[in-house]
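First listed ligand is number 1; within each ligand, the first listed atom is number 1. Position 1 is the first residue of the sequence, and the numbers go up from there. Basis for what follows: all heavy atoms, side chains included, without hydrogens, waters or symmetry-related copies.
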Amino acid sequence: MIYHPLGKTGVQVSTIGFGASALGDVFGAITLKTAIATVRYAMDSGINFFDVSPYYGVTLAEERLGNALQGRRHEVLLATKCGRYGYDAFDFSAATISRGLEDSLHRLRTDYVDLLQVHDVEFGSIAQIMEETLPAMRALQQQGKVRMIGITGYWPGLLARMLRQVHVDTVLNYCHSNLLMDDMDTELTPVATELGVGLINASPLHMGLLGGGPVAKWHPAPVVIKDAAAKIVGLCEEQGVRAPIVALSQCLSHTGVASTLVGFRSVAEIDEALLALEGVHEPELMRNIQKIVEPIRNVSWASGLAENQPATHSNSL
Ligand code: NAD
């Protein structure tokens, strides 16, 4: 495993991070036994960074992760989130942040988390998040319940603007830096690097599309993106290469990112991520993938309050 500094926090995170949303059955049901085996295998493979949220499976992912980490919690850096508690359930008030953390700690069977993040800032009032939510999280840090704090969300430009206005330790962006997208690097990566904020890249398979399995019913991508991802998967198959390995390999070679969070549902998926660490050297395949991606690169979908979305985002295709 390779480890990178998480911004200026002094903490070293594994380049492959464990995204635990899949433990909440959001990509299809798995058993508790599989969840526990997958988490323990990840730890034994050197993965030390685990990211979860009360939102994933509406508490199920936290429950299962807490169960799997029993007796070994201190071996990992544990990140959870606050402010989002269901598909449409957001509350960024100080009282809820504090109560929500207590509930998360209970489910995770621990008395502190390494990282507490505001979950999906674009769904809240940015003024409230900066003036009420983040100060409440700093207070929890003072109490020793949280080691570091961060923000997460879909829009890289919005996250970058927030970083310029408020001090946080980490920033997590999803679905904006992978085979299909690269605008995290134009809008957010330079700001995070300049400010020394730990950059976490999530959804390297575009929430499963580049894995080649069944697409989740809730997946918000426009059909042109789903079609392009399916073409990439087909092209890789023709060449005898696994698309998820190609996609993960590109993300894991990103030098500005501290950790790439992959949603794991099985030991076999962890093995593929470990293979991706070795890199993929298929220049012609990569050129052909680029040809598929070019017409739809950086096509996004609506997410969050209207006031927090870019004036023009390309979801019209
Ligand atoms: P992802 O792109 O990592 O895709 C996960 C899906 O891909 C799952 O269905 C998984 O079974 C499948 N998969 C994984 N490895 C595979 C392989 N080798 N072959 C085939 N399929 C494979 O998407 P994600 O889970 O949304 O993102 C990863 C993590 O990032 C999440 O679990 C979460 O922790 C974090 N995240 C955070 C936010 C946020 O804070 N706002 C948003 C999105 C994701």
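For the residue pair Thr170/Gln117, the side-chain donor-acceptor check at 3.5 Å is not satisfied. Using modelled atom types and a 3.5 Å distance limit, the side chains of Gln141 and Arg138 yield a donor-acceptor pair.
In this structure, Tyr56 counts as a contact residue of ligand 1, since one of its heavy atoms falls inside 4.0 Å of the ligand. Not a single heavy atom of Gly212 lies less than 4.0 angstrom from ligand 1.
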Mind listing the side-chain donor-acceptor pairs of residues 199-210 below 3.5 Å, one per line with the distance, residues two or more places apart or on another chain?
| unit_1 | atom_1 | unit_2 | atom_2 | d |
| --- | --- | --- | --- | --- |
| Asn201 | ND2 | Ser177 | O | 2.9 |
| His206 | ND1 | Asn178 | ND2 | 2.9 |

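Residue Asp120 has at least one nitrogen or oxygen atom sitting less than 3.5 Å from a nitrogen or oxygen atom of ligand 1, judged on distance alone. Considering backbone and side-chain atoms alike, Val262 places every N or O at 3.5 Å or more from each N or O of ligand 1. For ligand 1, none of its N or O atoms has an N or O atom of Phe18 under 3.5 Å away. Distances between N or O atoms of Gly263 and those of ligand 1 include at least one value under 3.5 Å. For a threshold of 3.5 Å applied to N or O pairs, the pair formed by Val52 and ligand 1 contains no separation below that value.
Ligand 1 places these atoms under 4.0 Å from at least one heavy atom of Gly211: 20 (C), 21 (N). For ligand 1, the atoms closer than 4.0 angstrom to any heavy atom of Thr152 are 39 (C), 40 (O), 41 (N). Close approach of ligand 1 to Leu172 is summarised as follows: ligand atoms under 4.0 Å from at least one heavy atom of the residue are 37 (C), 38 (C), 39 (C), 40 (O). When each atom of ligand 1 is checked for a heavy atom of His119 under 4.0 Å away, the hits are 39 (C), 40 (O), 41 (N).
No salt bridge links Arg242 with Glu237; every basic N to acidic carboxylate O contact stays at or beyond 4.0 Å.
No option in Tyr85, Tyr154, Tyr56 other than Tyr56 meets the ring pair (Phe, Tyr, Trp, His ring centres under 6.0 Å) test with His119.
Both Ile245 and Ile2 belong to a single network of hydrophobic side chains, linked directly or stepwise wherever heavy atoms of I, L, V, M, F, W or Y lie under 4.5 Å apart.
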